[in-house]
Amino acid sequence: MMDMKSVESKWQAKWEKSKLNVFNKKEMDKKLYVLEMFSYPSGANLHVGHWYNYGPTDSYARFKKMQGYEVFQPMGFDAFGLPAENYAIKTGIHPKDSTEKNVATMEQQLRNMGAMFDWTAEMKTCEENYYKWTQWLFLQLYKKGLAYRKEALVNWCPDCETVLANEQVIDSACERCGSTVLRKNMTQWFFKITDYAEELLDGLDTIDWPEKTKLMQKNWIGKSTGCEIYFDCETGDRITVFTTRPDTVFGVNYVVLAPEHPLVEKLKAAHPEQAEAIDAYVKYAAEANDIDRLSTAREKTGVFTGAYATHPLTGKQVPIYLADYVLYSYGTGAVMAVAAHDERDYAFAKKYNLPITQVIQKVGGETELPFCDDGILVNSGDFDGLSGEEARNAIAVHLTKIGKGGKKINYRLRDWSVSRQRYWGAPIPMIHCEKCGVVPVPEKDLPVKLPYDVEFRPNGKSPLASHEGFMNCTCPACGGKAKRDPDTLDTFVCSSWYYLRYPEAKNDKAAFTPEIANKMLPVDVYVGGSEHACMHLLYARFITKALRDMGYVNFDEPFKRLVHQGIILGPDGNRMSKSKGNVVSPDKYVDEYGSDVFRLYLMFGFSYTEGGPWNDDGIKSIAKFLDRVERLVCKAAEYPTNGNTEKTNAEKDLDYVKNHAIKSITRDVEDFSFNTSIARIMEYVNALQKYDVDVAEKNYAFYNACIKDLVRMFAPFAPHFSEELWEVLGQKNSVFEESYPLVDEAALVKAETEYAVQVNSKIKAKMMIAEGMTNEEIQALVVANPEIAAAMAGKTVKKCIIVKGRLINLIVG
RNA sequence: GCCACUGUGGCGGAAUAGGCAGACGCAACGGACUUAAAAUCCGUCGAAAUUAACCUUUCGUACCGGUUCGACUCCGGUCAGUGGCACCA
């Protein structure tokens with residue numbers, strides 16, 4: 001039995017020395033860029049999820065290498081982020097120190113995994129030579145007009161005096177101190193991802209991604225086609241509403257503004273009698289966090305502003321309300337309320353005793369309000385009698401004609417907010433000058449270094465704001481005194497371009513070289529969790545398209561193919577979490593059985609894209625399987641080498657199983673179907689063993705070749721183990737320099753095949769049918785079979801269905 | 001609530017284009033080897049009925065229905081679980 005620990009370190013050292021895993025730039029034409037989502041070093045150790053992502057994907061990469069591709073499989077660390085900073089606030093350990101420590105441990109564990117990572121291309125997003133280029137990216141977006149500043153609401157904890165991420169807000173309260181979280185306006189940097197909404201949508205058709213993920217992005221972008229309609233307000237302002245249902249416009253009973261709508265102040269001034277109620281309501285809405293406010297369970301609330309607007313088609317006066325079921329961030333922040341044909345408006349109208357006007361009639365049946373489907377227009381002037389789509393079109397056209405609105409496409413997608421009032425991130429390379437305003441840091445001055453000696457405990461400002469040495473600078477435009485931007489970039493900015501950096505991870509002249517990027521990218525296969533479906537994966541696509549428009553790259557999509565691994569749950573069927581106490585550590589299994597066994601078990605025990613509850617029942621059997629293979633190979637290594645080219649039936653059978661396995665594995669690995677691939681290897685091992693035991697007069701030349709093929713076939717799945725056996729077989733090179741065995745189709749052609757024979761679709765017999773028989777011959781042969789004749793009971797064959805290589809169905813009657 | 005995915009033996013899971021359901025393995029059971037155990041090797045292993053036994057038959061892929069010579073696979077409906085979105089106007 002092999003001592004896996006020493007075998008692993010032996011081969012890892014050899015691979016390192018021979019640079020087996022280092023991408024050979026001379027072979028760039030044959031490149032295959034296989035990328036796993038990089039690790040976030042929040043904990044010190046790799047967890048089962050890392051192994052499940054990296055182990056099987058590495059087997060895929062090794063398989064492709066053996067198929068002749070020059071595989072580039074890099075690894076790095078997404079090292080900036082909130083958890084390290086929170087940990088620092090709790091323990092006083094500096095984020096840089098804890099991160100570096102975690103990265104060191106994880107890197108060692110990743111190396112011990114024995115994956116084919118090209119460590120010469122390693123990078124960490126918190127290193128100066130990386131975040132310098134993240135800042136460069138920001139500047140390019142700024143130059144292109146894709147980075148801009150605006151006010152936006154943030155979650156604000158009044159006690160901690162800090163901005164909170166959504167995930168830090170639990171039930172409207174700060175996760176740290178429990179105070180009620182407020183919403184506060186702050187000026188923040190944004191990336192104009194909405195400029196690319198349409199292209200991000202269209203591009204989905206060109207990439208090989210899971211349909212589910214594409215659909216999620218599609219819903220996230222949320223394109224909706226409708227109409228803008230103008231309601232002139234008594235103050236002289238114009239309220240623009242967005243609706244997908246202009247066909248219901250004659251049923252408008254009132255207009256609703258989001259409480260944050262800028263017009264609110266003006267309306268308040270015009271109606272001082274309502275000011276108190278309006279103020280109270282705006283405050284109430286501000287206290288509600290997103291989750292509460294967006295909950296369907298929340299009672300509809302609102303307040304009358306005292307003001308009226310003019311209906312653009314009827315000229316009637318309709319009241320203007322504020323209600324928090326209207327979101328300022330979507331559409332125009334104002335809606336026309338049609339109580340009869342919208343559930344929310346209906347509930348609101350009922351509660352506040354507002355009129356309800358039916359303008360749509362159900363086709364064929366009683367119209368029950370609220371009626372939200374398409375129907376025939378009534379009470380709608382000239383448009384009466386039109387149905388849904390034609391009415392929407394006609395009304396939109398009419399609105400355009402009279403200058404009161406028109407067709408409009410809206411997206412749910414919002415611009416990407418990238419400012420974080422945090423320490424542990426890439427500083428935003430912007431300078432605020434009293435004279436010149438906002439001035440970008442010149443590229444030659446990058447990086448804007450993140451200082452080490454910072455008080456990162458919350459005090460109401462961004463931690464960097466209190467660091468005099470950092471904040472004070474000179475304006476690049478006028479040379480006067482100026483201040484730096486105290487915020488850091490969202491870590492999603494760091495991860496939105498890292499795949500471009502790997503091919504030149506150490507380049508200190510540029511973020512990347514266009515010629516190299518255009519050759520090395522797009523990433524051929526990207527593997528990671530589906531939790532990134534909407535954020536990271538959308539941001540990366542946006543950045544790629546933006547860089548393309550700036551002329552830095554010539555491709556549209558960063559990830560040609562995307563695969564999501566499933567999730568390994570705790571033994572109790574729940575997601576692993578410390579609080580549930582169901583976390584399974586890979587370390588003890590890796591220690592006991594070795595890295596190869598652990599990854600094999602992960603590949604064999606689960607359907608890769610499904611995952612499932614952890615259960616270690618089968619892991620021992622994988623270790624036993626390796627022992628079996630080892631015995632088989634070591635025994636064969638002692639065999640003589642004589643033999644001939646003629647094959648007996650036993651040899652043909654073995655050859656069949658081998659080639660069937662090669663063919664299946666070649667197809668299955670491409671589909672990330674590792675469990676079936678390993679099943680085929682097991683079948684082949686069973687067949688080899690059968691031959692070894694049953695056949696006394698062996699064709700050693702043939703058998704030894706079969707054994708060598710076994711080691712080649714197994715290599716991607718059990719790399720250290722297979723290298724060792726390859727050496728046992730007297731081979732001097734690495735098994736990964738070998739080609740993956742190719743299928744010999746001739747070996748898969750059998751003289752005769754077993755068919756299932758059915759009579760009236762019920763199986764009655766199994767028969768061997770020789771290759772090359774005509775359908776008539778087959779039918780004659782089958783009918784002559786006594787079991788079939790009995791099942792037919794003297795009836796005649798009306799139809800005979802023959803599925804080649806599988807079954808024969810006689811329809812008799 | 002909406003959208004999507006999933007539902008197959010005691011368990012993990014197979015089944016490529018609608019064609020023999022349960023590959024491969026785990027667990028369990030029986031046997032060989034052994035003083036014994038471990039390891040190893042061989043065999044059985046969806047359910048029910050029937051049989052002394054072999055045989056055989058029927059049922060069976062969450063549930064109900066449909067299309068088809070034939071359905072785990074396609075269509076319609078229901079239920080359950082998981083994930084995503086969540087007052088999107």
Side-chain angles (χ1 to χ4, degrees), chain A residues 1 210-220 222-224 226-227 229 241-245 248 256 258 290-291 293-298 300 323-327 329-338 342-345 347-348 410-413 530-531 533-534 566-567 569 573 575 601 604-607 609-622 624-625 627-628 631 663-664 667-668 671 673 675-683 685-686 689 693 754-763 765-766 798-813:
Chain A
M1 206 191 283
E211 283 306 319
K212 194 180 160 169
T213 309
K214 290 204 227 176
L215 194 72
M216 268 155 93
Q217 288 212 348
K218 199 179 153 195
N219 292 337
W220 187 265
K223 179 177 182 174
S224 71
C227 199
I229 303 178
V241 304
F242 174 74
T243 180
T244 53
R245 293 295 305 275
T248 64
V256 191
D290 274 7
I291 295 158
R293 175 139 166 208
L294 302 180
S295 160
T296 29
R298 185 172 166 94
K300 297 276 171 292
D324 68 359
Y325 76 88
V326 174
L327 304 177
S329 56
Y330 181 75
T332 58
V335 304
M336 58 178 216
V338 183
D342 183 281
E343 300 207 9
R344 293 153 300 177
D345 299 343
F348 190 85
N410 242 322
Y411 299 93
R412 200 180 77 97
L413 184 69
S530 60
E531 68 273 18
C534 292
I567 299 168
L569 305 168
R575 260 172 201 274
Y601 178 62
F604 184 64
F606 302 86
S607 163
T609 52
E610 297 291 317
W614 172 261
N615 177 319
D616 60 10
D617 280 353
I619 194 162
K620 220 186 202 133
S621 73
I622 295 288
K624 283 191 200 169
F625 176 69
D627 291 343
R628 249 182 93 200
R631 281 195 301 274
K663 189 173 183 175
S664 305
R667 186 193 55 224
D668 289 353
D671 294 340
S673 177
N675 51 355
T676 51
S677 299
I678 291 164
R680 296 294 88 79
I681 301 248
M682 287 172 167
E683 281 169 356
V685 168
N686 290 343
Q689 189 149 22
V693 171
E754 190 188 68
Y755 279 66
V757 185
Q758 300 180 326
V759 176
N760 284 344
S761 307
K762 294 223 182 252
I763 292 174
K766 300 277 175 78
K798 287 162 109 180
K799 196 173 167 189
C800 175
I801 295 153
I802 298 176
V803 181
K804 197 173 178 313
R806 294 196 179 259
L807 67 67
I808 298 153
N809 189 3
L810 298 174
I811 310 303
V812 303

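Here is how names work: the chains are called A, B, and so on, in the same order as the sequence lines, proteins then strands, and each is numbered from 1.
- Relative to the side chain of A:F606, the nucleotides B:A23, B:G13, B:A21 differ in distance, and B:G13 lies closest.
- Here the closest heavy-atom approach between residue A:G331 and residue A:N410 is recorded as CA-ND2, 3.6 Å.
- The CG-P distance, from A:L569 to B:U6, rounds to 17 Å in whole Å.
- Set against B:G19, B:C20, B:C41, the side chain of A:V803 has B:G19 as its closest nucleotide.
- Between the CG atom of A:N760 and the P atom of B:U58 there is a distance of 13 Å, given to the nearest Å.
- A:N760 contributes a side-chain N or O that, together with a main-chain N or O of A:V812, makes up a donor-acceptor pair within less than 3.5 Å.
- In terms of heavy atoms, A:P613 sits closest to A:F606 at O-CE2, 3.5 Å.
- Distances were taken from every side-chain heavy atom of A:L327 (C-beta onward) to each of B:G25, B:G19, B:A89; the shortest belongs to B:A89.
- Contact annotation for A:I801: base contact, defined as any heavy-atom pair under 4.0 Å involving a base atom.
- In this entry the distance linking CH2 of A:W220 with C1' of B:G83 reads 14 Å, nearest Å.
- Looking at heavy-atom distances under 4.0 Å, A:D668 makes no contact with the nucleic acid at all.
- One finds a side-chain N or O of A:S607 lying less than 4.0 angstrom from the OP1 or OP2 phosphate oxygen of B:A14.
- For B:C41, the OP1/OP2 oxygens have a side-chain nitrogen or oxygen of A:Q689 closer than 4.0 Å.
- With hydrogens and angles ignored, a donor-acceptor pair under 3.5 angstrom links the side chain of A:R680 to the base of B:A23.
- Taking atom C1' in both B:U78 and B:C85, the straight-line distance is 24 Å, to the nearest Å.
- Spacing of P atoms, B:A28 relative to B:A39, comes out at 11 Å, to the nearest Å.
- Look at CG on A:D342: it is 11 Å from C1' on B:C88, rounded to the nearest Å.
- Checked against B:G25, B:A14, B:A21, the side chain of A:N686 finds its nearest nucleotide in B:G25.
- Contacts of A:F604 with the nucleic acid, taken as non-hydrogen atoms under 4.0 Å apart, include base atoms.
- Candidate nucleotides B:C88, B:G19, B:C5 were compared by shortest atom distance to the side chain of A:R344, and B:C88 ranks first.
- Residues A:I567 and A:I811 both approach RNA chain B. Their nearest nucleotides, taken by heavy-atom distance, put A:I811 toward the 5′ side.
- B:C72 and B:C63 have their P atoms separated by 11 Å, given to the nearest Å.
- Between B:C41 and B:C74, the two C1' atoms lie 46 Å apart (nearest whole Å).
- Across all strands shown, nothing is found opposite B:U50 as a Watson-Crick or G-U wobble partner with both distances under 3.5 Å.
- Put simply, A:R806 has no side-chain N or O that comes within less than 4.0 Å of OP1 or OP2 on B:G70.
- At least one side-chain nitrogen or oxygen of A:Y330 sits closer than 4.0 Å to the OP1 or OP2 atom of B:A89.
- Minimum heavy-atom separation, A:V326 to A:G333: CG1-O, 3.6 Å.
- Counting heavy atoms from C-beta outward, A:I801 and A:Q758 have side chains that stay 4.5 Å or more apart.
- Taking all atoms of both residues into account, the shortest heavy-atom contact from A:S530 to A:M216 is O-CE, 4.4 Å.
- Between the C1' atom of B:C41 and the CG atom of A:D627 lies a distance of 15 Å, rounded to the nearest Å.
- If you measure from atom NZ of A:K218 to atom P of B:C88, you get 18 Å, rounded to the nearest angstrom.
- In terms of heavy atoms, A:Y325 sits closest to A:V256 at OH-CG2, 3.8 Å.
- Separating the P atom of B:C59 from that of B:U8 is a span of 22 Å, rounded to the nearest Å.
- A:K624 comes within contact range of the sugar-phosphate backbone alone, with a heavy-atom separation under 4.0 Å but no base atom that close.
- Nearest to the side-chain atoms of A:E610 among the listed nucleotides B:G70, B:G19, B:U6 stands B:U6.
- Contact of A:N809 with B:C69 (side chain to base): a donor-acceptor pair of N or O atoms is detected under 3.5 Å.
- Counting atom types as modelled, A:K766 pairs a side-chain N or O with a base atom of B:C20 as donor and acceptor under 3.5 Å.
- Within the 4.0 angstrom heavy-atom criterion, base atoms lie near A:Q758.
- Put simply, CG on A:L807 is 8 Å from C1' on B:G70, counting in whole angstrom units.
- The A:R631 side chain lies nearest to B:C41 when the options are B:C69, B:A89, B:C41.
- Comparing atom distances between the A:S621 side chain and each of B:C26, B:C24, B:C69 picks out B:C26 as nearest.
- No more than 12 heavy atoms of other residues, nucleotides or ligands shown are found within 6.0 angstrom of CD on A:E343.
- Base-pair partner of B:C74: B:G66 (Watson-Crick or G-U wobble, both distances under 3.5 Å).
- Taking the O4'-C1'-N9-C4 or O4'-C1'-N1-C2 dihedral as appropriate, B:G30 has a value more than 90° from 0 and is therefore anti.
- If you check every strand for non-hydrogen atoms under 4.0 Å, A:L215 touches sugar and phosphate atoms only.
- A:G611 comes within contact range of the sugar-phosphate backbone alone, with a heavy-atom separation under 4.0 Å but no base atom that close.
- An OP1 or OP2 oxygen of B:A89 is reached within less than 4.0 angstrom by a side-chain nitrogen or oxygen of A:S224.
- Taking 4.0 angstrom as the limit, A:N675 places a side-chain polar atom (N or O) nearer than this to OP1 or OP2 of B:A14.
- Contacts of A:E754 with the nucleic acid, taken as non-hydrogen atoms under 4.0 Å apart, include base atoms.
- Between the side chain of A:Y755 and the backbone N or O of A:G805 there is at least one donor-acceptor pair closer than 3.5 Å.
- Taking atom CH2 of A:W614 as the reference point, atom P of B:C26 lies 16 Å away to the nearest angstrom.
- Using N1 to N3 plus N6-O4 or O6-N4 for Watson-Crick, or N1-O2 and O6-N3 for G-U wobble, each under 3.5 Å, B:A39 pairs with nothing.
- To the nearest whole angstrom, the two C1' atoms, one in B:U68 and one in B:G18, are 9 Å apart.
- With A:D345 contributing its side chain and A:V338 its backbone, the two residues share a donor-acceptor pair below 3.5 Å.
- Nucleotide B:C5 has B:G81 as its partner under the Watson-Crick or G-U criteria, with both atom distances under 3.5 Å.
- Checking B:C11, B:C20, B:C3 against the side-chain heavy atoms of A:N615 singles out B:C11 as nearest.
- If you check B:G12 for Watson-Crick or wobble pairing at under 3.5 angstrom, you find it paired to B:C24.
- Listed nucleotides B:C88, B:C41, B:C26 differ in distance to A:R412; the shortest reach to its side chain belongs to B:C88.
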